[in-house]
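Below: the structure, in structure tokens.
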Amino acid sequence: MERTVLMSVMVMAIVWSGGLPAQAVAGQEKISRPNIILIVADDLGYSDLGCFGGELKTPALDQMAQEGMRLTQCYNGGMCVVSRLSLLTGNWWPRAKRTFNDSTILSEHLKSQDYQTAIIGKWHLPGHPMDRGFDHFFGFVGGFSNHFLGGKDYFLDREPYRDFGDDFYSSDALTDHAITFVENTQARHPENPFFLYLTYQAPHNPLQSPPELILEQRGRYLQGWQQIRENRFARQQKLGLFPADLPLPSYPENLPDWEQLTHAQQDLEDLRMSVYAAMVERLDENIGRLLKTLDGQRLTEKTLIIFISDNGTDPFSVLDDDLLKQGKLPGDRDSNWQPGTGWAYAAVTPWRLYKISQHAGGVTTGGIVK
């Protein structure tokens with residue numbers, strides 16, 4: 001099933017009304033006070049997921065789309081802060097701007113209705129989330145952090161968190177805490193529904209992933225960003241997302257032709273996109289772990305799960321030269337590579353432009369609701 005929707009309006013309409021509309025659950029009576037899990041990926045491209053035409057392995061989200069509703073054109077604010085403000089306040093971004101103003105946000109409203117509330121992941125908004133209706137917080141308050149090393153702005157509730165071991169990886173750690181929240185809430189407050197705002201950093205820079213996952217991707221992207229874009233568009237047309245006779249926008253003038261790159265440049269670009277792809281696949285794997293937890297707790301039919309991205313893919317690559325001079329490659333633990341224009345162009349297929357732009361590539365989210 002597919003729908004076009006303004007995501008912030010849909011979320012607020014469902015949860016502020018006190019329940020799911022009866023028609024949202026075929027063959028069942030209205031479910032009042034559902035658990036709500038709102039999953040936000042960071043800088044994910046429209047076409048990255050398999051169910052939106054991507055070549056990546058995303059079985060958990062693909063199954064969620066098959067069993068639920070695929071939102072083929074829902075919209076965001078084009079960049080992190082604005083999208084998140086709109087999502088939590090219900091205000092469209094020109095009104096939300098960069099502050100809560102006097103808005104009662106989603107977590108505060110749900111807490112007043114006896115929901116157990118948690119934010120796991122990225123906050124990137126004014127103040128501390130536990131001052132805005134969240135009972136529990138694990139994550140970081142800034143815009144991004146090192147996926148392996150964490151950062152100074154990580155918190156566990158109100159206390160600074162510094163317990164980053166050698167095996168720490170953001171998507172894994174955030175999922176661990178999300179699962180713990182679900183299990184603890186069921187054990188301690190089984191009579192109360194919960195709201196989990198799960199805001200992963202992946203695939204936002206720095207592009208970092210466990211090395212073995214990067215190696216699984218290597219070589220896949222030597223065909224170049226234009227070919228990847230064309231392949232994704234063909235799959236999108238086969239999936240029925242777009243008409244068979246719809247043309248792709250013309251090749252952008254600011255992007256070099258893949259064949260004009262040297263073999264060394266192509267290899268570096270293949271590595272860059274391999275890390276990005278590995279991050280997305282690990283994200284899906286972790287979402288799959290959370291969904292299995294819901295099944296094990298018999299919560300699947302009682303839980304509204306929403307998946308979106310906060311904006312299109314990051315087109316910047318401003319640190320490339322400096323990182324190469326330092327001998328740091330995409331994926332390294334202490335590097336900060338970004339996707340760059342070429343791969344952002346492929347990731348938002350078939351739209352034009354990317355994160356921060358108000359063209360469709362910046363503001364169109366491929367969403368999933370189950």
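What's counted below: heavy atoms across the whole structure, side chains too, no hydrogens, waters or symmetry copies.
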With a 3.5 Å distance limit and no angle check, can you tell me whether Asp270 reaches the backbone of Gly219 through a side-chain donor-acceptor pair? yes
Just so I know, are the side chains of Phe316 and Asn205 near enough to count as touching, which here means a heavy-atom distance under 4.5 Å? no
Contacts of type side chain to side chain contact (heavy atoms under 4.5 Å, CB included), residue Leu268, not counting sequence neighbours: Leu324, Leu329, Pro330, Trp337
Nearest 0.5 Å, please: how far is CE in Met79 from CG in Leu85? 10.5 Å
Which pairs count as ring pair (Phe, Tyr, Trp, His ring centres under 6.0 Å) when at least one residue sits in residues 47-69, sequence neighbours excluded? Tyr46-Phe52
Contact between Ile179 and Thr175 at the side-chain level, heavy atoms closer than 4.5 Å - yes or no? yes
In the structure I gave you, are the side-chain heavy atoms of Cys80 and Asp43 within less than 4.5 Å of one another anywhere? yes
Could you give the side-chain donor-acceptor pairs of residues 243-256 under 3.5 Å, partners two or more places apart or in another chain?
residue, atom, partner, partner atom, Å
Tyr251, OH, Trp225, NE1, 3.0
Tyr251, OH, Pro256, O, 2.6

Evaluate the ring pair (Phe, Tyr, Trp, His ring centres under 6.0 Å) criterion for residues Phe168 and Phe148: first the C-alpha distance (whole Å), next the side-chain angles of each, then the deciding distance (0.1 Å), finally the verdict. CA-CA 6 Å; Phe168 180 87; Phe148 288 118; 8.7 Å; no
From CD (Gln186) to CG (Asn35), nearest 0.5 Å: 6.0 Å
May I ask you to test the Asp172-Arg282 pair for a side-chain heavy-atom distance under 4.5 Å? yes
Check each of Thr117, Ile120, Ile119 against Phe137 using the side-chain contact (heavy atoms from CB on, under 4.5 Å) test, and report the only one that passes. Ile119
Within a strict 4.5 Å, meaning less than it, do heavy atoms of the Phe155 and Met130 side chains meet? no
Same cluster for Phe307 and Phe181 if Ile/Leu/Val/Met/Phe/Trp/Tyr side chains link at under 4.5 Å? yes
Do any side-chain atoms of residues 346-353 form donor-acceptor pairs under 3.5 angstrom with protein atoms, and if so which ones, sequence neighbours left out?
residue, atom, partner, partner atom, Å
Thr349, OG1, Ala346, O, 2.5
Arg352, NH1, His359, NE2, 3.4

Heavy-atom distance under 4.5 Å between the side chains of Leu290 and Ile37, does that happen here? yes
Partner residues of Ser145 under the side chain to side chain contact (heavy atoms under 4.5 Å, CB included) criterion, sequence neighbours left out: Phe140, Asp153, Tyr154, Gln201
Trace of the side-chain hydrogen bond (donor to acceptor under 3.5 Å, both in side chains) decision for Gln265 with Glu269: CA-CA 6 Å; Gln265 288 172 326; Glu269 291 300 332; over 6 Å; no
Check the angle between the aromatic planes of Phe164 and Tyr161 and answer parallel, tilted or perpendicular using the 30° and 60° thresholds. perpendicular
Is Asp176 paired with Arg289 through a side-chain N to carboxylate O contact shorter than 4.0 Å? yes
Determine, stepwise, if the pair Gln208 / Tyr169 fulfils side-chain hydrogen bond (donor to acceptor under 3.5 Å, both in side chains). CA-CA 9 Å; Gln208 294 171 330; Tyr169 184 65; over 6 Å; no
Grouping I, L, V, M, F, W and Y whenever their side-chain heavy atoms are under 4.5 Å apart, do Leu56 and Phe233 come out in a common cluster? yes
Only counting residues at least two apart or in another chain, list the ones meeting salt bridge (Lys or Arg N to Asp or Glu O under 4.0 Å) with Asp284. none
Approximate separation, where rounding is to 0.5 Å, of Leu207 CG and Gln338 CD: 8.0 Å
Does any part of the side chain of Asn76, heavy atoms only, come nearer than 4.5 Å to the side chain of Ser309, both counted from C-beta? no
Going through the distances and angles, do Asn184 and Thr180 end up as a side-chain hydrogen bond (donor to acceptor under 3.5 Å, both in side chains)? CA-CA 6 Å; Asn184 287 347; Thr180 298; 5.6 Å; no
Evaluate the side-chain proximity of Leu291 to Ile305: yes if any heavy-atom separation is below 4.5 Å, no if none is. yes
